[in-house]
Amino acid sequence: MHCALRRPTLFLQRRLLAVVQLAPHNSLRAVSGTASSNGQNGRGNSSHGSASGSWNRQKVGITTTLTLAGVFGLLVAYNQTDKNKRKGVNISWPIRLPTVSAKTNRANRHEYNFIADAVEISAPAVVFIEIRDRQQVDFFTREPMTVSNGSGFIIEPNGLILTNAHVVVSKPHTMVTVKLPDGRTFPGHVEHVDPTSDLATVRIQCDKLPTLKLGSSADLRPGEWVVALGSPLALNNTVTAGVVSSTQRASQELGLRGKDINYIQTDAAITFGNSGGPLVNLDGEAIGINSMKVTPGISFAIPIDHAKEFLRKINESPAGAGGRRSSSGAPSYRRYIGITMLTLTPDILHELQQRNQNFPRTVRGGVLVWKVIQGSPAHSGGLHPGDIITHINGKEIKNSGDVYELLLAAQEKKLAITIYRGQQLATVHVIPEDTTA
């Protein structure tokens, strides 16, 4: 079979060469004939016919040449395929030409979306917490008005929720409502509050709930990816991501008194609604509780190890001692004005001046008002988030501890608070509420 194929192949090769050699000769003859006919004036029509016939013969020769070349190529390819088969090389027939196609690797989407993996693990345990004032009723719905909201996360399947104290301790005569990710809503009961460390627990009457595993903040490293979950602007399960900027932001710098806590600083956005929600690592474990945002790129979270100590003290407290109380055993509240504040340290002042061109350059210390509870004495007196308190009743305020001391010791019913609002210096008057428990 192989010899039979080779003979036609050799014959076609010779035939093809003969045709290729003859075609130029015929073409030259046709051109020569045309030239000679152009030189004879009396034979115009006959010379034109001769040229046309020569051109037709030339086209036939070219067509035959191309046809034989195609057949020759096919036979040679088939012959080569037969040789490869006898050598054990498997080449399919007919031979396929190489193709180029645009292909998207869909595996990358699932392989590199590590933030989405962490959210998938932790989001089912994040809840939305809403605080309503029983004494203020909405004009249209006739329901208690919402004065504050925040987030929390379930740590026990029987309905125990961990959150910030400033989320649930808004003002007297309030009620707590908890909304789960599946849309169910339950009334919440504030069980324990520690205003010093800004931690609280809330209980709802529901079982078999998804929980969030508590990780460890002791081995947290600067530069590590973290994800902040919560409900900013009442939008459930909103996710922001960033890295850990510092794990050693001392509590004294933030005005947290009586505890040696090193806050977690991150550039993940933590807003009002995110407060109380979890700060999770890429394993989906809670390594912090979102606390506050000073400015874009500077946010703080309470380390989860401190929250574990708070929960341990709760478990060791005498059973049956119900009601809202401080874990330290001291009265929960004294005089209440309804703000969350942050001490302006030199480092934080420098960051704010670099990031905000409207920040007053003359400020050398004080406290930043981060949150004002709606309907609180501070809200009624005219304090706004972003105000910088420098003096109260003429006394210079260097940190948030000075504000707490004035609230405990001051006999005046009205507080004259000097503030910077943008570049403007102003004074507002606030009458604290006596809420001693």
Side-chain angles (χ1 to χ4, degrees), residues 128-151 163-177 190 193 195 198 200 230-234 254-255 270-276 291-295 324 332-344 366-393 397 400 402-408 410 412-422 424-437:
F128 172 63
I129 300 177
E130 189 175 33
I131 312 300
R132 297 188 178 189
D133 188 354
R134 294 189 182 95
Q135 295 185 343
Q136 297 185 31
V137 180
D138 185 85
F139 179 80
F140 297 100
T141 64
R142 311 306 301 171
E143 294 184 356
M145 288 187 62
T146 300
V147 296
S148 181
N149 60 65
S151 305
T163 184
N164 285 140
H166 74 258
V167 171
V168 295
V169 181
S170 299
K171 60 175 296 185
H173 316 296
T174 56
M175 57 183 294
V176 179
T177 303
V190 181
V193 176
D198 194 22
S231 305
L233 304 176
L254 307 180
I270 297 175
T271 60
F272 298 148
N274 271 10
S275 294
S291 184
M292 66 182 71
K293 180 187 77 172
V294 180
T295 191
R324 182 185 296 186
S332 298
Y333 319 107
R334 296 280 185 176
R335 302 179 75 195
Y336 165 84
I337 60 175
I339 64 172
T340 302
M341 49 192 168
L342 176 72
T343 300
L344 294 178
V367 297
L368 174 70
V369 178
W370 176 67
K371 182 179 181 181
V372 178
I373 303 300
Q374 184 178 355
S376 66
H379 181 262
S380 301
L383 275 177
H384 294 169
D387 290 346
I388 299 172
I389 300 176
T390 59
H391 294 80
I392 296 180
N393 291 343
I397 301 299
S400 58
D402 295 340
V403 179
Y404 289 125
E405 291 176 1
L406 278 171
L407 289 174
L408 293 174
E412 297 86 352
K413 291 185 177 181
K414 182 182 291 187
L415 302 178
I417 303 177
T418 303
I419 62 170
Y420 271 98
R421 182 170 295 164
Q424 302 296 322
L425 186 64
T427 300
V428 298
H429 295 86
V430 176
I431 302 176
E433 292 183 9
D434 187 2
T435 60
T436 302

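The analysis underlying the following values was restricted to heavy atoms, covering all of them including side chains, and did not include hydrogens, waters or symmetry mates. Everything numeric here is computed off the predicted structure, so don't read it as measured data.
- Minimum heavy-atom separation, Arg132 to Pro144: CD-O, 3.5 Å.
- Using a 4.5 Å heavy-atom threshold, the side chains of Asn149 and Ile131 count as separate.
- Remark: of the listed residues Val367, Val403, Asp402, Val403 is the sole one forming a side chain to side chain contact (heavy atoms under 4.5 Å, CB included) with Ile392.
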Notebook entry, point to check: Does the side-chain contact (heavy atoms from CB on, under 4.5 Å) test come out yes or no for Ser275 and Met292, once each step is laid out?
Noted result: CA-CA 6 Å; Ser275 294; Met292 66 182 71; 5.6 Å; no
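- With contacts defined as side-chain heavy-atom distances shorter than 4.5 Å, the pair Ile388/Val369 does not qualify.
- When the side-chain contact (heavy atoms from CB on, under 4.5 Å) test is applied to Thr418, the partners found at least two apart in sequence or on another chain are Thr390, His391, Leu425, Thr427.
- Contacts of Asp387 classified as side chain to side chain donor-acceptor pair (under 3.5 Å), with partners at least two apart in sequence or in another chain: Arg421.
- A distance-only check finds no donor-acceptor pair linking the side chain of Asn393 to the backbone of Leu415 [under 3.5 Å].
- Counting all heavy atoms, side chain and backbone alike, Gly276 lies closest to Thr163 at CA-OG1, 3.5 Å.
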Cut-off 3.5 Å, no hydrogens considered: what does the side-chain donor-acceptor table look like for residues 377-384, sequence neighbours left out?
from   : atom 1 : to     : atom 2 : distance (Å)
His379 : ND1    : Gly375 : N      : 3.4
Ser380 : OG     : Ser376 : O      : 3.2

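- Atom CD1 in Ile337 sits 5.0 Å away from atom CD1 in Ile417 (nearest 0.5 Å).
- Ile129 places none of its side-chain heavy atoms less than 4.5 Å from the side chain of Ser151.
- Note that OG of Ser291 and CD1 of Ile270 are 7.5 Å apart. Values are rounded to the nearest 0.5 Å.
- Residue pairs meeting the salt bridge (Lys or Arg N to Asp or Glu O under 4.0 Å) criterion with at least one member in residues 372-383, sequence neighbours excluded, do not occur.
- With rounding to the nearest 0.5 angstrom, the CG atom of Leu368 is 11.5 Å from the CD1 atom of Ile419.
- Residues passing the side-chain contact (heavy atoms from CB on, under 4.5 Å) test with Met145, sequence neighbours excluded: Gln136, Asp138, Gln374.
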